[in-house]
Amino acid sequence: MAIRTAKAEWNGNLTEGKGTMSLGSGAYQGAYSFSSRFEEGAGTNPEELIAAAHAGCYSMALAAGLAKGGFSPERVASSAKLQLLKTDAGFTITTIELDVQAKVPGIDDAKFQEIAEGTRKGCPVSRALTGVEIKVSARLV
């Protein structure tokens, strides 16, 4: 499999500094700051990128699981909410909630939920995030 890369640079102290992050593919480059990470300031943050990666991974993995189960998904759309909380150990990603909508002809809800739960446990980003509570709300549309 391929090796993926990304870069980040931070200039200055924690609260007044600023930084940039970029993907090795060149598909994304963006600014981040204390404000964009721990408050509601403009820019991105590492956690937002993790949430995007998880939503993307889950959508692809669910489509693969559905196909393996003999179904042909027309559409799988996932959104992720990642919660970053200050704990005794410091700032910690505690929960990721995936909200999933899928259009899958010929599947009943019970089978869909079974495959969605297997995907929650098995998608590569979910496996990388052990120790984080991952919740999935999946529905057919």
Side-chain angles (χ1 to χ4, degrees), residues 1-12 14-141:
M1 295 301 294
I3 295 174
R4 303 297 181 210
T5 63
K7 293 181 183 179
E9 182 175 323
W10 186 260
N11 298 291
L14 175 63
T15 57
E16 297 170 5
K18 59 184 175 181
T20 59
M21 294 184 283
S22 62
L23 303 181
S25 66
Y28 171 80
Q29 180 174 338
Y32 71 117
S33 66
F34 182 89
S35 177
S36 71
R37 189 165 190 197
F38 300 111
E39 298 168 350
E40 297 300 321
T44 190
N45 55 70
E47 293 76 23
E48 185 175 53
L49 297 175
I50 291 170
H54 202 183
C57 183
Y58 187 90
S59 291
M60 290 181 74
L62 181 55
L66 289 163
K68 185 176 180 182
F71 302 97
S72 297
E74 292 180 11
R75 178 178 177 269
V76 177
S78 302
S79 62
K81 289 182 186 175
L82 181 149
Q83 188 171 47
L84 178 69
L85 294 177
K86 188 168 185 176
T87 68
D88 292 341
F91 283 101
T92 303
I93 297 170
T94 59
T95 307
I96 297 177
E97 297 176 14
L98 294 167
D99 183 49
V100 182
Q101 296 182 14
K103 185 173 183 183
V104 187
I107 195 170
D108 65 38
D109 190 61
K111 185 64 176 176
F112 176 68
Q113 294 302 325
E114 175 187 323
I115 295 170
E117 176 61 16
T119 303
R120 181 189 68 80
K121 295 176 183 175
C123 104
V125 173
S126 291
R127 290 195 317 266
L129 295 170
T130 58
V132 174
E133 181 181 14
I134 298 169
K135 300 176 182 179
V136 174
S137 173
R139 62 193 170 283
L140 294 166
V141 292

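Residues Phe38 and Leu84 form a side-chain contact, since some pair of their non-hydrogen atoms from C-beta on lies under 4.5 Å apart. Put simply, the side chain of Gln83 does not reach to within 4.5 Å of the side chain of Glu97, judged on heavy atoms. Side chains of Leu82 and His54 form no contact here, defined as non-hydrogen atoms less than 4.5 Å apart. Residues Thr119 and Tyr58 have side chains in contact (heavy-atom distance under 4.5 Å, counting atoms from C-beta outward). A 4.5 Å side-chain heavy-atom check between Arg37 and Phe91 finds every atom pair outside the cut-off.
In this structure, the separation between OG on Ser79 and CG on Leu98 is 7.5 Å, given to the nearest 0.5 Å. With rounding to the nearest 0.5 Å, the separation of CG in Leu62 from CZ in Phe71 is 11.5 Å. From Lys103, atom NZ reaches atom CD of Glu74 across 4.5 Å, with rounding to the nearest 0.5 Å. For the atom pair Asp108 CG and Leu140 CG, the distance stands at 8.5 Å (nearest 0.5 Å). Distance check: Leu66 CG to Lys111 NZ gives 9.5 Å after rounding to the nearest 0.5 Å. Considering CD of Glu47 and CD1 of Ile96, their distance stands at 10.0 Å, rounded to 0.5 Å.
Looking at every heavy atom in both residues, Val136 comes nearest to Arg120 through CG2-CG, 3.5 Å. In this structure, Ala102 and Val76 approach most closely via the heavy-atom pair CB-CG2, 4.1 Å. Closest approach of Ala53 to Val125, counting heavy atoms only: O-CG2, 4.0 Å. What you find for Tyr28 and Met21 is that their closest heavy atoms are CE2-O, 3.9 Å. Pairing each heavy atom of Ser72 with each of Pro105, the nearest pair is O-CD, 3.5 Å. When every heavy atom of Pro73 is checked against every heavy atom of Ala67, the shortest pair comes out as CD-N, 4.5 Å.
Scored by the side chain to side chain contact (heavy atoms under 4.5 Å, CB included) test, Ala42 finds no partners at all (sequence neighbours excluded).
In this structure a side-chain-to-backbone donor-acceptor pair under 3.5 Å is missing from Ser126 to Gly122. Checked by atom type and distance alone, the side chain of Ser36 pairs as donor or acceptor with a backbone atom of Thr44 at under 3.5 Å. Side-chain atoms of Thr92 come within 3.5 Å of backbone N or O of Gly90 as a donor-acceptor pair. Side-chain atoms of Gln113 come within 3.5 Å of backbone atoms of Ala138 as a donor-acceptor pair (strictly under, hydrogens ignored).
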> So Thr95 and Lys135, side chain to side chain contact (heavy atoms under 4.5 Å, CB included) or not? Walk me through it.
Replying inline: CA-CA 8 Å; Thr95 307; Lys135 300 176 182 179; 4.2 Å; yes
> Which is it for Ile93 and Leu129 under the side chain to side chain contact (heavy atoms under 4.5 Å, CB included) test, yes or no, and what are the steps along the way?
Replying inline: CA-CA 9 Å; Ile93 297 170; Leu129 295 170; 5.5 Å; no
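Between Arg139 and Asp109, no side-chain nitrogen of the basic residue sits less than 4.0 Å from a carboxylate oxygen of the acidic one, so the salt-bridge criterion is not met.
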